[in-house]
Amino acid sequence: QLNAKFTFSNMVAKSGKMQDVLNMTMKVANSKATVLILGESGTGKELIARAIHHNSPRKEQSLITVNCPSIPGNLLESELFGHVKGAFTGAIKDRPGKFELADGGTVFLDEIGDLHLDLQAKLLRFLQEHEFERIGGLETIRVDVRIIAATNKDLQILVQEKKFREDLYYRLSVVPILIPALRDRTEDIPFLADYFLDRFSEGQTY
């Protein structure tokens with residue numbers, strides 16, 4: 001079902017701009033490159049991320065999504081890297097993080113522009129070395145994880161404002177994919193309307 005849902009043929013993209021997006025998505029799916037998906041809220045960034053994963057050699061492995069702003073900053077490091085028992089109050093047992101759980105697969109970091117500067121430095125090291133330590137731990141853990149990130153913010157402006165690390169920006173944007181807003185591809189609207197009418201008339205949910 002997942003493979004059928006996230007095939008490129010299921011994406012409504014008749015405009016030239018969206019065809020360019022899908023062509024780039026197809027090309028990058030089979031690579032190991034880190035991808036940065038840019039676009040306003042509601043443009044389908046997560047859908048593109050899932051399509052990349054489900055059309056990649058990693059499709060049989062996990063795709064784990066982390067919504068960066070939804071997790072408090074003091075917990076996000078543990079969420080990504082895990083922790084050992086006793087590392088902090090409430091750490092009653094060892095807990096693997098998302099990078100460890102996704103070994104062999106993909107981690108999708110949604111709204112990466114909201115990541116705190118301290119955690120940006122640790123993410124940069126992970127992207128460079130593909131290794132990390134759990135919070136409070138001494139063991140270095142190596143994993144094979146592909147990173148796909150997305151944001152609705154202009155990271156270049158955040159870099160200029162010293163709110164986002166320039167070196168991390170370049171590490172993340174090995175392959176940037178910009179998804180245009182619907183107002184910039186109005187020729188897709190009739191096809192989208194037909195698509196949703198067909199889906200709902202068949203009793204299917206989006």
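The model shown is predicted, which means the values in this text are computed figures rather than measured ones.
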Side chain of [X], backbone of [Y]: donor and acceptor closer than 3.5 Å?
X    : Y    : result
T151 : K153 : yes
S78  : L75  : no
K45  : E40  : yes

Query raised in the report: Would you call the rings of F81 and F126 parallel, tilted or perpendicular, where under 30° means parallel and over 60° means perpendicular?
Result: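 F81 and F126: perpendicular rings.
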Requested in this report: Describe, in one word, how the ring planes of H83 and F88 are oriented to each other, choosing from parallel (under 30°), tilted (30 to 60°) and perpendicular (over 60°).
Outcome: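 Taking F88 first and then H83, their aromatic rings stand perpendicular (interplane angle over 60°).
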Are [X] and [Y] side-chain neighbours, meaning at least one heavy-atom pair lies under 4.5 Å?
X    : Y    : answer
R95  : E79  : yes
R146 : S31  : yes
I157 : K163 : no
L124 : D167 : yes
P180 : T43  : no
T65  : R50  : yes

Report task. For side chain to side chain contact (heavy atoms under 4.5 Å, CB included), just list the numbers for I48 and I148, CA-CA rounded to whole Å, side-chain angles, deciding distance to a tenth of an Å, and then say yes or no. Result -> CA-CA 10 Å; I48 292 295; I148 302 174; over 6 Å; no
Please give me the minimum heavy-atom distance between [X] and [Y], naming the atom from each residue.
X    : Y    : result
A102 : V107 : CB-CG2, 3.5 Å
N152 : S41  : ND2-OG, 2.9 Å
A51  : N55  : O-ND2, 2.7 Å
S56  : A29  : CB-O, 3.0 Å
V174 : T34  : CB-O, 3.4 Å

Spacing of [X] atom [atom1] and [Y] atom [atom2] [to the nearest 0.5 Å]:
X    : Y    : atom1 : atom2 : value
L47  : I52  : CG    : CD1   : 10.5 Å
R171 : I147 : CZ    : CD1   : 12.5 Å
D114 : L158 : CG    : CG    : 8.5 Å
M18  : N23  : CE    : CG    : 10.5 Å
I92  : K85  : CD1   : NZ    : 8.5 Å
L115 : K122 : CG    : NZ    : 11.0 Å

Query raised in the report: What residue among R58, Q61, H130 forms side chain to side chain donor-acceptor pair (under 3.5 Å) with D144?
Result: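 Single pass found, and it is R58.
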Hydrophobic cluster membership, with links at side-chain heavy-atom distances under 4.5 Å among I/L/V/M/F/W/Y: are [X] and [Y] in one?
X    : Y    : result
V145 : F108 : no
I135 : F99  : no
L38  : V159 : yes
L119 : I71  : yes
L76  : L127 : yes

Report task. Kindly determine whether L168 and L155 satisfy side chain to side chain contact (heavy atoms under 4.5 Å, CB included), including the steps that lead there. Result -> CA-CA 10 Å; L168 178 58; L155 292 188; over 6 Å; no
**Report entry** Name of the residue among I112, L109, V175, I177 meeting side chain to side chain contact (heavy atoms under 4.5 Å, CB included) with L36
**Finding:**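 Only one option passes, and that is I112.
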Query raised in the report: Where do L117 and R165 land on the side chain to side chain contact (heavy atoms under 4.5 Å, CB included) test, with the steps shown first?
Result: CA-CA 7 Å; L117 280 168; R165 291 181 63 110; 4.2 Å; yes
Report task. Please lay out, stage by stage, how E131 and R125 fare under the test side chain to side chain contact (heavy atoms under 4.5 Å, CB included). Result -> CA-CA 8 Å; E131 62 184 31; R125 184 217 166 192; 3.5 Å; yes
Query raised in the report: Hey, is E139 close enough to R134 for a salt bridge, meaning N to O under 4.0 Å?
Result: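 Salt bridge: no.
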